[in-house]
Amino acid sequence: MSLSSPAITGIDTHAHIFRQDLPMVANRRYSPHYDALVEQYLEHLDRFGLSHGVLIQPSFLGTDNRFMVEALRQHSQRLRGVAVVDVAVSDAELDELAAAGVVGIRLNLIGKQLQDYTGPAWNALFERLAGRGWQVEIQRGIEDLAQIVPAIVATGVNVVIDHFGLPTGGIDAQNPGHQAFLQLLGDSRVWLKLSAAYRSNTDPVQCAAVVAQLRAAAGGSERFLWGSDWPNTQFEDRTDYAEQFELIEALLPDAAERHQVLVANPARLFGFPNNR
C-alpha cells in the first residue's frame, strides 16, 4: 500500500459493505441476500475515475462496526467511515474508530421516535463528537428534519442530511415542513447528500428541480456532497452504480460545480488530504 494518498479526482461519500453471513440486529427492515465487499466497491470507484470513498455502516449490522473498520484499515489512503454507535459509547471506542478512519456517526431515524435523540444523553454524545470534528449523518423524511436538526447542530457538530432529505416526489415550497427543511440549509454546519433519488421516488426531471431549490436555499453548492448509495439495497434491480454516477453528472453539468461537489466539499468534510 502506498503511504501517500492519491490525488483527489472524486469522492463517493455514501456506500455500504457487508456480508450476508454477518450477525444482524433484530427487528431490521432489510436482510441482504448477497455480499457487498470493499474490493467490489473499489472496482466501481476505479471504473468511474473516483479516487476516494466513504463507507457508511449499514443499519442492519447495528453498532458492530468491525467489518467496516477492517476495510478502512486495509484501505486507509482511500476510504473514510461513518459508524453506528450506542449513545453510551466510550471515548476509548471512539478513539479506536477514529484511528481506523471513522469521522462521524449515522442516525437512521426511519421509523424512530425523534424525541429520543434530543435528550441529555444524545446531546452529550454530540458534544463529544463536535470536539473531535466529527459529523452526525441523518436519514429521515423531509417533513420531520426541522424537528431534530437544529437541536443537534446546536451542540456544535456538523450534520449531514442523507438522500436529498428524502423529498418524496419533489419539494413543495408551500408545504411548511418542506419550507422548514429548506431553511436548515442556510446553516453553515448543515450539509446535504445528493444521493439515492430513487429512495424518494424522484425522477431526473423532479431531481433537477430539487437541486435548484436546494442550491437557492443553501446559497450555493459549498456543502453539497454526492454518494452512489452502492449497492443500492432494496433497489438493486432498479438502478446501479453507473446510473447513479451518470445522474450526478447530468444534475451538475457545470464542471466547476461538479468539482465542488465531488472533490472540494467532501475533501474538507471528511478530512481527505488533497495533494493536487
Side-chain angles (χ1 to χ4, degrees), residues 4-17 38 40-56 71-72 75-82 101-104 106 133 135 137 139 158-166 185 188-200 202 204 207-232 239-276:
S4 62
S5 298
I8 300 176
T9 57
I11 302 171
D12 173 359
T13 70
H14 200 105
H16 308 287
I17 61 169
V38 69
Q40 296 169 283
Y41 176 54
L42 293 174
E43 286 174 8
H44 285 300
L45 293 184
D46 292 342
R47 185 174 305 127
F48 292 94
L50 302 169
S51 53
H52 295 78
V54 180
L55 300 178
I56 311 297
L72 295 176
H75 304 283
S76 60
Q77 304 307 315
R78 295 189 72 179
L79 300 178
R80 294 285 184 272
V82 174
V102 170
V103 293
R106 190 187 199 208
Q135 60 187 262
E137 184 171 303
Q139 180 173 221
N158 286 312
V159 169
V160 181
I161 297 171
D162 275 351
H163 305 336
F164 291 92
L166 295 176
L185 301 179
S188 63
R189 290 197 182 278
V190 176
W191 299 65
L192 183 82
K193 285 189 182 175
L194 307 179
S195 56
Y198 51 86
R199 294 196 186 276
S200 51
T202 312
C207 213
V210 166
V211 169
Q213 290 168 294
L214 297 172
R215 190 189 288 115
S221 308
E222 286 72 25
R223 297 185 309 282
F224 292 170
L225 310 161
W226 171 74
S228 65
D229 197 32
W230 184 83
N232 318 109
T239 191
D240 58 20
Y241 203 102
E243 185 173 77
Q244 292 309 302
F245 187 71
E246 288 161 8
L247 176 61
I248 197 62
E249 288 191 308
L251 291 174
L252 304 177
D254 179 78
E257 185 177 38
R258 201 162 59 245
H259 182 273
Q260 178 93 47
V261 173
L262 292 178
V263 177
N265 297 347
R268 185 159 50 101
L269 182 64
F270 291 94
F272 286 110
N274 198 343
N275 296 330
R276 289 184 88 171

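In what follows, every heavy atom counts, from backbone to side chain, and hydrogens, waters and symmetry copies are set aside. Treat the numbers as computed from the prediction; the structure is a model and nothing was measured.
- Side chain of Arg78 to backbone of Gly53: no donor-acceptor contact under 3.5 angstrom is found.
- In this structure, Ser228 contributes its side chain and Gln244 its backbone to no donor-acceptor pair below 3.5 Å.
- The aromatic rings of Phe272 and Phe270 lie tilted to each other, with the angle between the two planes from 30° to 60°.
- Within the 3.5 Å criterion, the main-chain N or O of Glu137 finds no donor-acceptor partner in the side chain of Arg106.
- Scored by the side chain to side chain donor-acceptor pair (under 3.5 Å) test, Asp240 finds no partners at all (sequence neighbours excluded).
- No side-chain heavy atom of Val54 sits less than 4.5 Å from a side-chain heavy atom of Leu79.
- Residues His52 and Arg80 have side chains not in contact (no heavy-atom distance under 4.5 Å, counting atoms from C-beta outward).
- Residues Trp230 and His44 place their aromatic rings such that the two centres sit under 6.0 Å apart.
- Without hydrogens or angle criteria, Lys193 side chain to Thr13 main chain gives a donor-acceptor distance under 3.5 Å.
- If you check the side chains of Ser195 and His163, you find a donor sitting under 3.5 Å from an acceptor.
- Leu269 places none of its side-chain heavy atoms less than 4.5 Å from the side chain of Val103.
- With rounding to the nearest 0.5 Å, the separation of OG1 in Thr9 from NE2 in His259 is 9.5 Å.
- Taking the six-membered ring where the residue is Trp, Tyr41 and Tyr241 present tilted rings, their angle falling between 30° and 60°.
- Taking every heavy atom of both residues into account, Leu247 and Pro204 meet most closely at CD1-CB, 4.3 Å.
- Take Asn265 and apply the side chain to side chain donor-acceptor pair (under 3.5 Å) test, not counting sequence neighbours, and it matches Gln260.
- Looking at heavy atoms from C-beta onward, Phe164 lies in side-chain contact with Val211 at the 4.5 angstrom threshold.
- Here the closest non-hydrogen pair linking Leu50 and Ile11 is CD2-N, 4.3 Å.
- Between Arg199 and Asp229, at least one side-chain N (NZ, or NE/NH1/NH2) sits under 4.0 Å from a carboxylate O, which counts as a salt bridge.
- With sequence neighbours excluded, the residues forming a side chain to side chain contact (heavy atoms under 4.5 Å, CB included) with Arg223 are Trp191, Ala218, listed by chain and number.
- The cationic group of Arg215 does not satisfy the cation-pi geometry with Phe224, failing either the under 6.0 Å distance to the six-membered ring centre or the 45° limit from the ring axis.
- Looking only at side-chain heavy atoms (C-beta outward), Leu72 and Leu55 come within less than 4.5 Å of each other.
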**Request:** Could you go through the side chain to side chain contact (heavy atoms under 4.5 Å, CB included) check for Val82 and Gln135 one step at a time?
**Result:** CA-CA 8 Å; Val82 174; Gln135 60 187 262; 4.3 Å; yes
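- The shortest non-hydrogen separation linking Ala71 to Ile17 is CB-CD1, 3.5 Å.
- With hydrogens and angles ignored, the 3.5 Å screen pairs no side-chain donor or acceptor of Ser221 with any backbone N or O of Glu257.
- In terms of heavy-atom proximity, Thr202 sits nearest to Ser200 at OG1-OG, 2.9 Å.
- In this structure, the side chain of Ser51 does not engage the main chain of Pro6 through any donor-acceptor pair within 3.5 Å.
- Heavy-atom minimum distance, Ile56 versus His16: O-ND1, 2.8 Å.
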**Prompt:** Would Leu194 and Leu225 satisfy side chain to side chain contact (heavy atoms under 4.5 Å, CB included), going step by step from the backbone distance to the final call?
**Reply:** CA-CA 6 Å; Leu194 307 179; Leu225 310 161; over 6 Å; no
